[in-house]
Every structure is written in C-alpha cells, then in structure tokens.
Amino acid sequence: MKVVVCGAGIAGLTVANQLARSGIDTVFVEQAPGPRPQGYMIDFFGPGYDAAEAMGVLPRIIELGYRIRELVYVDEHGRRRVRLTMNQLDSVVGGRLVSILRPDLELALRQHLPDTVELRGGTRLVGLDSAADAGTITVTFADGSHETADLLIGADGVHSTMRRLTFGPDNNFLRYLGFHTAAYIFEAPVLAAEMADRYSLTDTINARRRKCCTEIGVWVARMACTTDTLPPVLTPTRCITTRSHRW
Ligand SMILES: Cc1cc2nc3c(=O)[nH]c(=O)nc-3n(C[C@H](O)[C@H](O)[C@H](O)COP(=O)(O)OP(=O)(O)OC[C@H]3O[C@@H](n4cnc5c(N)ncnc54)[C@H](O)[C@@H]3O)c2cc1C
C-alpha cells in the first residue's frame, strides 16, 4: 500500500510517523522547503500529550519544552488578579503538561520520522485525479511531477487545497468568528529577567485586545481582537514596553 500525505504540519507529521512505523510506503509533501521557525508557545497536554507518549516522541518533547512556574492574570495597572502555580496546574492534568514552542514540536516530530519516509519539501499539491475503478489517486505537484497512491491524506491545514479540490471553496466550510490574531517572538533580556518562567495574561490593555506573554529568554506575545478590522500596527517592543512596563 502506498500513501501520500499532503502537509508537514503537526497532523501530517504525526500521521506520516505512524504510517511509516506500520510499514506503509509513505510519501510526504510539504510546500515549505524546510522546517520553519514561526510559531509561539503551546500548552501541550490532554489528547496530544497521550498521542505523543504512545508514539514514543514524548521524551524529546519534554526535552525541548519549558516548565512554566506560574500563570498570572493582571489588570491594566499590572496588579495580579489571579495566580495559578505550576503545582496547581499539574494537579489538574496529573503532571502531564509541558509548554513547547510550535517549531520545537514540529522539530521533535520531524526527528522522529523513520528513514523510510520520503519527504519532499518545497513543492505544493495542485491537482487530484482519482481513478475509482483502479482504486488509486494521482496527485499533481506544482513542479509538474505526479504521484499515484492508494490513499491520499490531506493534512494541509485550515485553508486546505485538498479540501478545496475535493469539496469546493473554503467559504462553504469556514465560519469566520471575527477574530484576528498576531504573534511575535523577540529578545528582551531585561524583561526576561523580570518575567522568568511565567505566563502573564491580560485582556485589559484596551477593551478589545488580549495579550499573552511568556518569558523564557524570548518574549512570545500574542494579540487577538474581535473587530472586523485589523488592530493598529504595534511593533512587539512598543506593545510590551509601552503597555506592560509595570509587570
Ligand atoms: C508555520 C506555522 C506556525 C504555526 N504556529 C502555531 C502556534 O504557534 N500555535 C498554534 O496554536 N498554532 C500554530 N499553527 C497552527 C497549528 O499548527 C495548526 O492549526 C494545528 O496544529 C493543526 O495542524 P495541521 O497539521 O492540521 O495544520 P498546519 O500545522 O497548519 O499544517 C499544514 C501544513 O500543510 C502545508 N501545506 C498547505 N497547503 C499545502 C499544499 N497545497 N501542498 C503541500 N503542503 C501544503 C503547510 O505549509 C503546513 O506545513 C501554526 C501553523 C503553521 C503552518
């Protein structure tokens, strides 16, 4: 049996790992030429944690991950309103929690791929042609090459090309909830020392924005808003230093 997996995100890497370990001939296609550094901190627990453990990749995830000491919720004056320690969080999830940057999660899954997986980076899936009678599917890539397989798995994310080619345009399936989000990572040693190993959350920077920061040598800041228009452009440094200097 031959399987083509489209997309080397978290889902694609996971399924390719499992298929290849079951001895299935797996070709893996990803539009990015290589691993990408983009992404922010993910609290990794629950079903994802269980799946990583079953796959045998959990030790590497823990090695690459971070232990956050506490989570604090602050108001617009920097006053702590709620504090949750790691011990309290641990007691909720039985200690099965690690914080990890999204690129490090991708890295752990990539490093776990068996050598038998053929990973083709830097090309996109652009066409599909299924031969129902033969039970196969032929996939066309942007570089003009083709691949015929018994099964095609679409793991190409929220704006999936595969879904569009198979079921129609995105707007038949996506429901816009009115949120925008932006994330930044940048180095700020002074803030790093002040904020070490802590998550700080506030929704009071202004009435419509929300920011989430963690500090482990780099800042990871995220803003979301619920307006129909994008928020005004704020550089990461300005966002942190002008609005959060009291933290
Ligand atoms: C670079 C990046 C950074 C992210 N950072 C975060 C984060 O910090 N926190 C968070 O919660 N979520 C993040 N996400 C989203 C998160 O990874 C996904 O929403 C979630 O993990 C679901 O994973 P997925 O595998 O379904 O999709 P994704 O992780 O989005 O992966 C889809 C993959 O398919 C590839 N792809 C798309 N179209 C094609 C095509 N036609 N041919 C070949 N390849 C294609 C994309 O390049 C991507 O690698 C990020 C996604 C990306 C791509």
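Given the structure is predicted, the values throughout are model-derived calculations rather than measurements. In listed order, ligands and their atoms are each counted from 1.
- Ranked by closest heavy atom to atom 17 (O) of ligand 1, the top entry among R102, R120, E30, R124 is R102.
- Applying the 4.0 Å criterion to heavy atoms of G39 picks out, from ligand 1, the atoms 5 (N), 8 (O).
- Tested against L13, the residues E106, Q111, H112 include a single side chain to side chain contact (heavy atoms under 4.5 Å, CB included) partner, E106.
- Residue Q31 touches ligand 1 through backbone and side chain together, judged by heavy-atom distances below 4.0 Å.
- Distances below 4.0 Å separate heavy atoms of C6 from the following atoms of ligand 1: 40 (C), 42 (N), 43 (C).
- Screening L125, L151, T26, V29 for a side chain to side chain contact (heavy atoms under 4.5 Å, CB included) with V4, the sole residue that qualifies is V29.
- Sparse packing is recorded around CZ of F167, with 12 or fewer heavy atoms of other residues, nucleotides or ligands lying under 6.0 Å away.
- S130 meets the side-chain contact (heavy atoms from CB on, under 4.5 Å) test with I137; sequence neighbours excluded.
- Atom numbering of ligand 1 starts at 1 in the shown order; those under 4.0 Å from a heavy atom of Q38 are 3 (C).
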Next on the checklist: Determine whether E30 and R110 satisfy the following criterion, salt bridge (charged side-chain N to carboxylate O under 4.0 Å, His left out), listing intermediate values before the conclusion.
Outcome noted: CA-CA 12 Å; E30 167 56 48; R110 276 184 181 250; 5.6 Å; no
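- Under a 4.0 Å criterion applied to the non-hydrogen atoms of G9, ligand 1 contributes the atoms 25 (O), 29 (O), 31 (O), 33 (C), 49 (O).
- Considering backbone and side-chain atoms together, A32 places no N or O closer than 3.5 Å to any N or O of ligand 1.
- Residue-level proximity to ligand 1 for S160 is absent, since no heavy atom of it falls below 4.0 angstrom.
- The heavy atom nearest to atom 41 (N) of ligand 1, considering only T161, V29, V158, is found in T161.
- Residue A11 holds the heavy atom nearest to atom 26 (O) of ligand 1 of all those in A11, G48, P35.
- S160 places no side-chain N or O within 3.5 Å of a backbone atom of D156 that could act as its donor or acceptor partner.
- Scanning both residues, H159 and R164, for their nearest heavy atoms gives O-NH1, 3.9 Å.
- With sequence neighbours excluded, the residues that form a side-chain contact (heavy atoms from CB on, under 4.5 Å) with R67 are M86, D90.
- The A155 neighbourhood of ligand 1 comprises atoms 32 (C), 33 (C), 34 (O), with distances under 4.0 Å to a heavy atom of that residue.
- Considering backbone and side-chain atoms together, T123 places no N or O closer than 3.5 Å to any N or O of ligand 1.
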